[in-house]
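Data block below; observations after.
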Amino acid sequence: MSELDSKTPIYSIGVVQEKTGLTGRQIRYYEDSGLIKPARTKGNQRIYSPNDIKKLEEIKDMLEKGLNIAGIKEKLASAAAKKTKEAKRVKKSYDGRPLRRFNPGKGGLTSLYPVSNRAQLLEILDKKESKKDKE
DNA sequence: CTTCTTACA
DNA sequence: TGTAAGGA
C-alpha cells in the first residue's frame with residue numbers, strides 16, 4: 001500500500017514487474033544504466049510513475065529486437081531531444097504575442113492562449129488533443 | 001511479506 | 001541475469 005496519495009498513479013517495483021513482465025533484477029539494472037530514474041520513498045523504496053512504465057515497455061521491446069543497453073540509451077536520448085525541440089517550436093509560436101480576452105463580456109471567460117479568435121484557439125486545442133491521442 | 005543493497009555464480 | 005544474504 002502506498003503512503004502518499006496524489007492524483008498521479010504510482011507503482012511499487014512489484015506492480016511494475018507484473019505490468020511489464022520484466023524481473024525486478026532487470027528493472028533495477030536498467031535504472032543503474034541510467035535508462036530510468038524512479039523516485040524513492042523515505043524508506044528508500046522505489047516509486048514508479050506511468051512514464052517509467054512506458055519507458056520500461058519501450059526498453060523491453062527494444063531488448064526483444066536485439067538492441068543492447070547502449071543502443072537503447074541513444075534511442076531514448078533522441079526521443080527526449082525530439083520532445084525538447086517540439087517544446088521550443090511551440091513556445092516560439094506563442095512568445096511575443098499579446099494575450100487577449102477570449103469572448104470578453106460574455107461570461108468573462110479569459111483565454112490563456114495568445115490567440116485573437118475562437119477558430120485559432122480551437123485549432124490549437126485540437127492539435128494538443130491529437131498529441132495525447134497517439135498514446 | 002515486500003523491497004533494498006551487495007556480491008558471487 | 002538469477003539468487004543468496006542480511007537488514008529495513
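These values consider heavy atoms only, across backbone and side chains, with no hydrogens, waters or symmetry-generated copies. Source: prediction; values computed, not measured. Proteins come first, then strands; the chains are lettered A, B, ... in the order of their sequence lines, and each starts at number 1.
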Atom [atom1] of [X] and atom [atom2] of [N]: how far apart are they, to the nearest Å?
| X | N | atom1 | atom2 | value |
| --- | --- | --- | --- | --- |
| A:Arg28 | B:dA7 | CZ | P | 16 Å |
| A:Ile27 | C:dG2 | CD1 | P | 11 Å |
| A:Tyr48 | B:dT2 | OH | P | 16 Å |
| A:Lys60 | C:dT1 | NZ | C1' | 16 Å |
| A:Ile13 | B:dT2 | CD1 | P | 13 Å |
| A:Ile47 | B:dT2 | CD1 | C1' | 15 Å |
| A:Glu31 | B:dT6 | CD | P | 12 Å |
| A:Asn68 | C:dT1 | CG | P | 12 Å |

#### Entry: Base-paired stems that DNA chain B participates in, counting runs of 3 or more Watson-Crick or G-U pairs under 3.5 Å
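For DNA chain B the paired stretches long enough to count as stems (3 pairs minimum) are B:4-9 with C:1-6.
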#### Entry: Which residue lies more 5' along DNA chain B, comparing A:Ser12 with A:Arg25 via nearest heavy atoms
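Here A:Ser12 is the residue nearer the 5' end.
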### Closest nucleotide among B:dC4, C:dG2, B:dT3 to the A:Thr23 side chain
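For the A:Thr23 side chain, the nearest candidate turns out to be C:dG2.
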### Side-chain N or O of A:Gln26 closer than 4.0 Å to phosphate OP1/OP2 of C:dT1
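Yes.
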### Query
If only side-chain N and O atoms of A:Tyr30 are considered, is one of them under 4.0 Å from the OP1 or OP2 phosphate oxygen of C:dT1?
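For C:dT1, OP1/OP2 do have a side-chain N/O of A:Tyr30 under 4.0 Å.
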#### Entry: Nearest heavy-atom neighbours spanning A:Lys37 and A:Asp52
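Closest approach of A:Lys37 to A:Asp52: N-OD1, 4.4 Å.
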### Message
With a 4.0 Å cut-off on N to O distance, would you call A:Glu31 and A:Arg28 a salt bridge?
### Response
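No.
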#### Entry: Sole candidate of A:Ile36, A:Thr20, A:Val15 that passes side-chain contact (heavy atoms from CB on, under 4.5 Å) when paired with A:Tyr48
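Answer after filtering A:Ile36, A:Thr20, A:Val15: A:Ile36.
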### Query
Which part of the nucleic acid, if any, lies within contact of A:Gly43, taking any heavy atom under 4.0 Å across all strands shown: a base, the sugar-phosphate backbone alone, or nothing?
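Since no nucleic acid heavy atom lies under 4.0 Å of A:Gly43, the category is nothing.
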#### Entry: Evaluation steps, side chain to side chain contact (heavy atoms under 4.5 Å, CB included), between A:Tyr30 and A:Ile72
CA-CA 10 Å; A:Tyr30 303 152; A:Ile72 294 174; over 6 Å; no
#### Entry: Check: A:Ile47 and A:Thr41 side chains under 4.5 Å, non-hydrogen atoms
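They are in side-chain contact.
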### Task
Go through A:Lys54 and A:Glu57 one step at a time and tell me if the salt bridge (charged side-chain N to carboxylate O under 4.0 Å, His left out) criterion holds.
CA-CA 5 Å; A:Lys54 186 180 178 182; A:Glu57 301 201 303; over 6 Å; no
### Query
Between A:Leu35 and A:Lys55, is a side chain to side chain contact (heavy atoms under 4.5 Å, CB included) present by the stated rule, with each step listed?
CA-CA 8 Å; A:Leu35 270 37; A:Lys55 271 188 182 176; over 6 Å; no
